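Lettering follows sequence order; numbering is per chain, from 1. Bear in mind that the values here come from a model prediction, so they are computed numbers and not experimental data.
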There are 2 protein chains.
Amino acid sequence: MFYDLSDKELEALKIIRNSLVHQGSIPSVRELMIGLGYKSPRSSAVILRTLEEKEILRKKSDGRYQIVDFEIPEDYGSRAQTIKVPLLGSVACGIPIFADENIEAEVSISIEMIKSGYKYFLLRAEGDSMDEADINDGDLLLIRQQQDADNGDRVLALIDDEATVKEYNRSGGMVILKPKSTNKIHQPIILKSDFRIQGIVEEVISL
Amino acid sequence: MFYDLSDKELEALKIIRNSLVHQGSIPSVRELMIGLGYKSPRSSAVILRTLEEKEILRKKSDGRYQIVDFEIPEDYGSRAQTIKVPLLGSVACGIPIFADENIEAEVSISIEMIKSGYKYFLLRAEGDSMDEADINDGDLLLIRQQQDADNGDRVLALIDDEATVKEYNRSGGMVILKPKSTNKIHQPIILKSDFRIQGIVEEVISL
DNA sequence: TTAAAAGTGTATATTTGTGTATGTTTTATG
DNA sequence: CATAAAACATACACAAATATACACTTTTAA
């Protein structure tokens, strides 16, 4: 199927796939030109045409290209596609959550861990601000950004400038954030119902 | 084995090997011409043809040459018994890892480096895709093909169509591939636990 | 309604492998 | 020695594949 592709065609295909995963669209002729190191858009346009002739790409009804169904290799599980997610070091009230100074790095996460249509970020757990039993200093929390939650969800909230993870419970006109285990240090937090959370903890990653 | 090669043929072979390791491809007729000091491309073309007739080179299905027998220099078992292992140049999407096109050469490796019962292959490290401190551009990685690993093993994984070497760590429902040293560029990669690796890095051979 | 961005056509340039003819050096042999 | 045969190099040219320059629509967004 792909055996008669030249080096440049293969490289183009890589760029196209990458662009699909990371930007959601096939790159423009000029983007592809830059990616492949060409100096004229014609060259990359020709490559696209060739890929179409080789039936790797197909034009959709709106004239745009689409990748013709990828042959899934037998060892598919061993080929991962990832998406980059910002890793936030510390989060404080007042600073927009994705402000530059918060972003420590971009971490690659398997796209299988991601629901499309949502934004995600990673947060590094620090000290005891996360009072959950299974979150330790240095762990990474994968958080899906959304402002509503169901009862029982583990949510990230900003309480007194601290990033805090607790169980979400709405009851009556209030929101109660419960620590998993109640003790002297970890007590529930009671908030007005217009309080907004930052997101839902999807995964806890121990490094 | 190489005893019936002329001086120029041997020199050509050296240049070809060097080009293979450092640029990942057999040199063009004109590159080889320059390397050998010829003034016409014909001369080097003839040499290539001769090497093919002497079965030092072989044409792959895509028309390109591959080296039939590439001995690792130095004293990697120069007199010892050897076994031939494929040298893979680039590994790309959709192409089975041992497809003809990927195999640049067959390299002789001392059998003392090989555990019986496993398949092996060599991979050429390219640029910075291998972020380990002790793997440099052009090094050859001897990889034992297997799909499971223990925590701490150095594994080869295909991430977004890049061959990547990182430390394997399974924790909870996830697999985390850690770079040896973490910094802005080299961050862990977080994958779902059904992810399968390509193999384990057994040796790093610097040429 | 305009300006910028994106895709495409034509013509030309560059690179690559290879063919033919010819020149040069080496070697073997009468 | 002489010289023919073989091996090795060079010059030049051609076709196919690739890449470039540039201009001209069409599309998109302001």
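- Between A/Ile111 and A/Thr82, the closest side-chain pair of non-hydrogen atoms is not below 4.5 Å.
- Residues A/Lys178 and A/Lys166 fail the side-chain proximity criterion, which asks for heavy atoms closer than 4.5 Å.
- Looking only at atom types and distance, the side chain of B/Gln145 has no donor-acceptor partner in the side chain of B/Tyr118 under 3.5 Å away.
- Mapping heavy-atom proximity under 4.0 Å, the span of DNA chain C touched by chain A runs 5' to 3' from C/dA6 to C/dT10.
- For A/Lys39, the NZ atom sits in a loose shell: 12 or fewer heavy atoms of surrounding residues, nucleotides or ligands are nearer than 6.0 Å.
- With contacts defined as side-chain heavy-atom distances shorter than 4.5 Å, the pair A/Arg170/A/Asp148 does not qualify.
- For the pair B/Lys8/B/Ile47, a side-chain contact is recorded, criterion being any heavy-atom separation below 4.5 Å from C-beta on.
- By the 4.5 Å heavy-atom criterion applied to side chains, B/Tyr120 and B/Glu202 are counted as neighbours.
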### Query
For every nucleotide of nucleotides 6-21 of chain D, 5' to 3': is a protein heavy atom under 4.0 Å from its base (B), only from its sugar-phosphate (S), or from neither (-)?
---SBB-------SBB
